[in-house]
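All residue numbers refer to positions in the sequence shown, counting from 1.
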Amino acid sequence: QVQLVESGGGLVQAGGSLRLSCAASGRTFSSHAMGWFRQAPGKEREIVAGISTSGASTYYADSVKGRSTISRDNAKNTVYLKMNGLKPEDTAVYYCNSGTSIRAMKSQGPIGSWGQGTQVTVSS
């Protein structure tokens with residue numbers, strides 16, 4: 001079972017930047033698409049970005065498109081989400097998870113177990 005540990009969240013002013021990291025255990029990291037998800041208070045968890053196994057394909061939700069970059073380092077079993085121009089509405093707990101493809105993560109949800117997430121709070 002792959003374990004995921006998210007980090008890099010924090011309290012930031014509107015307009016600021018953060019880079020989230022997700023370290024995965026196990027030997028199957030490079031064979032899975034990866035995604036970043038977030039859950040704001042009172043809302044359902046949603047996918048905000050996805051990346052294919054090689055990193056050649058990416059996906060961004062409209063809410064973060066143009067402000068965020070997802071990347072991965074298969075040698076380090078780590079996926080990143082760099083977020084710029086943060087807005088108060090970006091406040092949420094951010095999680096990473098895996099899937100068979102970006103399309104599958106979007107339509108069927110991820111296949112891995114959820115980690116503890118990392119809190120991002122954006123003040124206005």
Could you measure the distance from the [atom1] atom of [X] to the [atom2] atom of [Y]? Nearest 0.5 Å is fine.
{"X": "C96", "Y": "L81", "atom1": "SG", "atom2": "CG", "value": "10.5 Å"}
{"X": "L18", "Y": "D90", "atom1": "CG", "atom2": "CG", "value": "9.5 Å"}
{"X": "S124", "Y": "Q13", "atom1": "OG", "atom2": "CD", "value": "9.5 Å"}
{"X": "I51", "Y": "S71", "atom1": "CD1", "atom2": "OG", "value": "6.0 Å"}
{"X": "T69", "Y": "M83", "atom1": "OG1", "atom2": "CE", "value": "10.5 Å"}
{"X": "T100", "Y": "H32", "atom1": "OG1", "atom2": "NE2", "value": "7.5 Å"}

To check you understand the geometry: which heavy-atom pair defines the closest contact between [X] and [Y], and what is its length?
{"X": "T118", "Y": "G9", "value": "OG1-N, 2.9 Å"}
{"X": "A14", "Y": "P88", "value": "CB-CD, 4.2 Å"}
{"X": "A24", "Y": "F29", "value": "CB-CD1, 3.5 Å"}
{"X": "I47", "Y": "M105", "value": "CD1-CB, 4.1 Å"}
{"X": "A33", "Y": "I102", "value": "CB-N, 3.8 Å"}
{"X": "L86", "Y": "R67", "value": "CA-NH1, 3.8 Å"}

Is [X] reaching over with its side chain to a backbone N or O of [Y], donor-acceptor style, under 3.5 angstrom?
{"X": "R38", "Y": "V120", "result": "no"}
{"X": "S98", "Y": "M34", "result": "no"}
{"X": "S101", "Y": "A104", "result": "yes"}
{"X": "N74", "Y": "S30", "result": "no"}

Next on the checklist: Can you see whether Y80 engages R19 through a side-chain donor-acceptor pair at a distance of less than 3.5 angstrom?
Outcome noted: no
Item to check | Side-chain donor-acceptor contact under 3.5 Å, Q119 with T121 | outcome: yes
Checklist entry - Between D62 and K65, is there a side-chain N and carboxylate O pair less than 4.0 Å apart? => result yes
Are [X] and [Y] in one and the same hydrophobic cluster, where Ile, Leu, Val, Met, Phe, Trp and Tyr link if side-chain heavy atoms are under 4.5 Å apart?
{"X": "Y95", "Y": "V64", "answer": "no"}
{"X": "Y60", "Y": "V79", "answer": "yes"}
{"X": "V12", "Y": "L20", "answer": "yes"}
{"X": "I111", "Y": "F37", "answer": "no"}

Next on the checklist: Would R45 pass as a cation-pi partner of Y94, given that its NZ or CZ must be under 6.0 Å from the six-membered ring centre and within 45 degrees of the axis?
Outcome noted: no
Next on the checklist: Pair K82, S17 - check side chain to side chain contact (heavy atoms under 4.5 Å, CB included), show working.
Outcome noted: CA-CA 7 Å; K82 178 67 182 301; S17 299; 4.0 Å; yes
Checklist entry - Under the side-chain hydrogen bond (donor to acceptor under 3.5 Å, both in side chains) criterion, do D73 and T78 qualify, and how do the steps go? => result CA-CA 5 Å; D73 185 336; T78 302; over 6 Å; no
Next on the checklist: Under the criterion side chain to side chain contact (heavy atoms under 4.5 Å, CB included), I'd like the reasoning laid out for E6 against W36: C-alpha separation, chi angles, the key distance, then a yes or no.
Outcome noted: CA-CA 10 Å; E6 300 91 347; W36 280 98; 4.0 Å; yes
